[in-house]
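A quick write-up on the structure given underneath.
No experiment lies behind these values; they were computed from the predicted model shown. Start at 1 with the first residue, then count along the sequence.
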Amino acid sequence: MRVSRRVATTTALGTAGAVGASVGFIFGETVLARRLIGVTDARPPSPDGLYGDNLSGETVRLLVMGDSAAVGYGMQTQMTTPPAMLGWGLAQLVAGPVDVRSVAVVGAESSDLAEQVDRGLDFGADVAVIVVGANDVTHLKSMSDAVSDLQVAISRLVASGTHVVVGTCPDLGTVKPLMQPLRSIARLQSRRMARLQTVGAIEAGARTVSLGSLLASMLREHHELMFGDDRFHPSASGYAAMVGALLPSLADAVHERRSEPLEDREGETEERMPVEEAAEKAAQESGTEVRRAGRWAGVLRRLR
């Protein structure tokens, strides 16, 4: 019995030591990655304003929320920021002006969405887009808490009459400065976050678009083109790819809010499945929209 206890104790101590060493190693890699990525105090010009003011349709009010991906961190001109590209692109799709207000903040986590909603509610947005989750993953925040914060933000917007589109957590495994095994862990955790966000957002009344590994194939072949100077945040081309995935869903949200028939797009066929299954499918196929369809989820491939 004593021998068994000694073996068990030794095994437990060895396991604890291995776990501690692994955590220490990953923490060291995280610190190194942050040094390689670097930071800058520079912020892009404000994207707030009216886009497509030469168009005759009804004006749409668009609220942009979230983190640095929603801000357009690293961009030096207004029109290369995601809010400006979303405003201009949405104006073309709905044939009317789009008034944009961005309350997104560089470095924001899901817990910061409450303050962003507070700042944006008086805008009376018709539609809102939220891109968040990456900082929750990199800062090891509780995913259940992050999703709960996202749901609360969505519920408040929906209650005010705003239709919401959520761009789920991108695949952080595509970031070059992250070394192995941190890169693999980042990929697994960011995909898990995206799945949980999808389920939570649908339950709260939003639709989601999986950003995931949307840029993965382009990043492998054209990494310098799709990432910015810090090798972490997207370049203008990378942000444009993200915007291209979000725009069709935003346009459909506008039509839905106006009780107009949704536009048929060639090559798009909606599938119906349980929400959890839809979330898994979206995590595997970036550029996929998931929205509530009665008791089920409707799944559309928005970008191929």
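Expressed to the nearest 0.5 Å, how far CG of L247 lies from CH2 of W88 amounts to 10.0 Å. Between the CG atom of L157 and the CG atom of L121 there is a distance of 6.0 Å, given to the nearest 0.5 Å. Note that CZ of R207 and NE2 of H163 are 8.0 Å apart. Values are rounded to the nearest 0.5 Å. Atom CG of D145 is separated from atom CD of E109 by 11.0 Å, given to the nearest 0.5 angstrom. Rounding to the nearest 0.5 Å gives a distance of 13.0 Å between CZ of R295 and CZ of R272. Note that CG of L196 and CZ of R191 are 14.5 Å apart. Values are rounded to the nearest 0.5 Å.
Within a 6.0 Å radius of CD in Q92, other residues, nucleotides and ligands contribute more than 12 heavy atoms.
Formation of a donor-acceptor pair under 3.5 Å by the Q76 side chain with backbone atoms of P44 is not found in this model. Side chain of Q151 to main chain of G200: a donor-acceptor pair is present (N/O by atom type, distance under 3.5 Å, no hydrogens or angles). With hydrogens and angles ignored, the 3.5 Å screen pairs no side-chain donor or acceptor of S148 with any backbone N or O of S144. When atom types are taken as modelled, the side chain of R301 and the backbone of S286 share a donor-acceptor pair closer than 3.5 angstrom. The closest donor-acceptor contact from the side chain of S210 to the backbone of G287 lies under 3.5 Å.
Taking the side chain as every heavy atom from C-beta outward, V165 and I130 never approach each other to under 4.5 Å. Here the side chains of V103 and V64 are not in contact, with every heavy-atom distance at 4.5 Å or above. Using a 4.5 Å heavy-atom threshold, the side chains of V60 and L90 count as touching. Using a 4.5 Å heavy-atom cutoff, the side chains of L246 and V131 are in contact. In this structure the side chain of W296 never reaches within 4.5 angstrom of the side chain of E277, judged on heavy atoms. In this structure the side chain of V158 never reaches within 4.5 angstrom of the side chain of T162, judged on heavy atoms. The shortest side-chain heavy-atom distance between R291 and L300 falls under the 4.5 Å cut-off. At least one side-chain heavy atom of V129 sits less than 4.5 Å from a side-chain heavy atom of L86.
A chain of hydrophobic side-chain contacts below 4.5 Å, direct or via other Ile, Leu, Val, Met, Phe, Trp or Tyr residues, connects M242 to Y73. Using a 4.5 Å cut-off between side-chain heavy atoms of Ile, Leu, Val, Met, Phe, Trp and Tyr, with links allowed through other members, V152 and V147 fall into different hydrophobic clusters. Note on M75 and M85: same hydrophobic cluster, where clusters join Ile, Leu, Val, Met, Phe, Trp and Tyr whose side-chain heavy atoms are under 4.5 Å apart, directly or indirectly. Follow the hydrophobic side-chain contacts under 4.5 Å out from L211 and you reach Y239 in the same cluster. V94 and V100 fall within the same hydrophobic cluster, where Ile, Leu, Val, Met, Phe, Trp and Tyr residues are linked whenever their side-chain heavy atoms come under 4.5 Å apart, directly or through other members.
No option in N135, D67, D136 other than D136 meets the side-chain hydrogen bond (donor to acceptor under 3.5 Å, both in side chains) test with S110.
Taking both residues in full, the closest heavy atoms of A70 and A104 are given as CB-CB, 3.7 Å, listed atom of the first, atom of the second, then distance. Contact between A153 and V117 at its shortest, heavy atoms only, is CB-CG2, 3.8 Å. Residues A114 and R156 come closest through the heavy atom pair O-NH1, 3.4 Å. Across V71 and V106, no two heavy atoms sit closer than the pair CG2-N, 3.8 Å. Among all heavy-atom pairs drawn from C169 and A194, the shortest one is O-CB, 3.9 Å. Among all heavy-atom pairs drawn from G87 and L62, the shortest one is N-CD2, 4.2 Å.
With salt bridges taken as basic N to acidic carboxylate O contacts below 4.0 Å, none links R258 and D126. Looking at E203 and R292, no side-chain N of the basic residue comes within less than 4.0 Å of a carboxylate O on the acidic one, giving no salt bridge. The pair E285-K281 meets the salt-bridge criterion, with a side-chain N (NZ, NE, NH1 or NH2) lying under 4.0 Å from an Asp/Glu carboxylate O.
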- Message: Determine whether V98 and L55 satisfy the following criterion, side chain to side chain contact (heavy atoms under 4.5 Å, CB included), listing intermediate values before the conclusion.
- Response: CA-CA 10 Å; V98 175; L55 299 171; over 6 Å; no

- Could you check D149 against S111 for side chain to side chain donor-acceptor pair (under 3.5 Å), going step by step and ending with a plain yes or no? CA-CA 6 Å; D149 290 331; S111 58; 4.8 Å; no

- Task: For side chain to side chain contact (heavy atoms under 4.5 Å, CB included), just list the numbers for T198 and R195, CA-CA rounded to whole Å, side-chain angles, deciding distance to a tenth of an Å, and then say yes or no.
- Result: CA-CA 5 Å; T198 299; R195 289 194 297 271; 5.8 Å; no

- Criterion side chain to side chain contact (heavy atoms under 4.5 Å, CB included) on Y51 and M79, from CA distance to verdict: CA-CA 10 Å; Y51 297 84; M79 283 307 301; 3.7 Å; yes

- Item | Stepwise side chain to side chain contact (heavy atoms under 4.5 Å, CB included) test for L63 and V127 | CA-CA 6 Å; L63 181 67; V127 289; over 6 Å; no

- Message: Applying side chain to side chain donor-acceptor pair (under 3.5 Å) to T168 and Q197, what does each step give before you reach the verdict?
- Response: CA-CA 6 Å; T168 57; Q197 285 179 317; 4.7 Å; no

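Evaluation of the side chain to side chain donor-acceptor pair (under 3.5 Å) rule for R192 yields no partner, not counting sequence neighbours.
Residue pairs meeting the side chain to side chain donor-acceptor pair (under 3.5 Å) criterion with at least one member in residues 94-108, sequence neighbours excluded: R101-D122.
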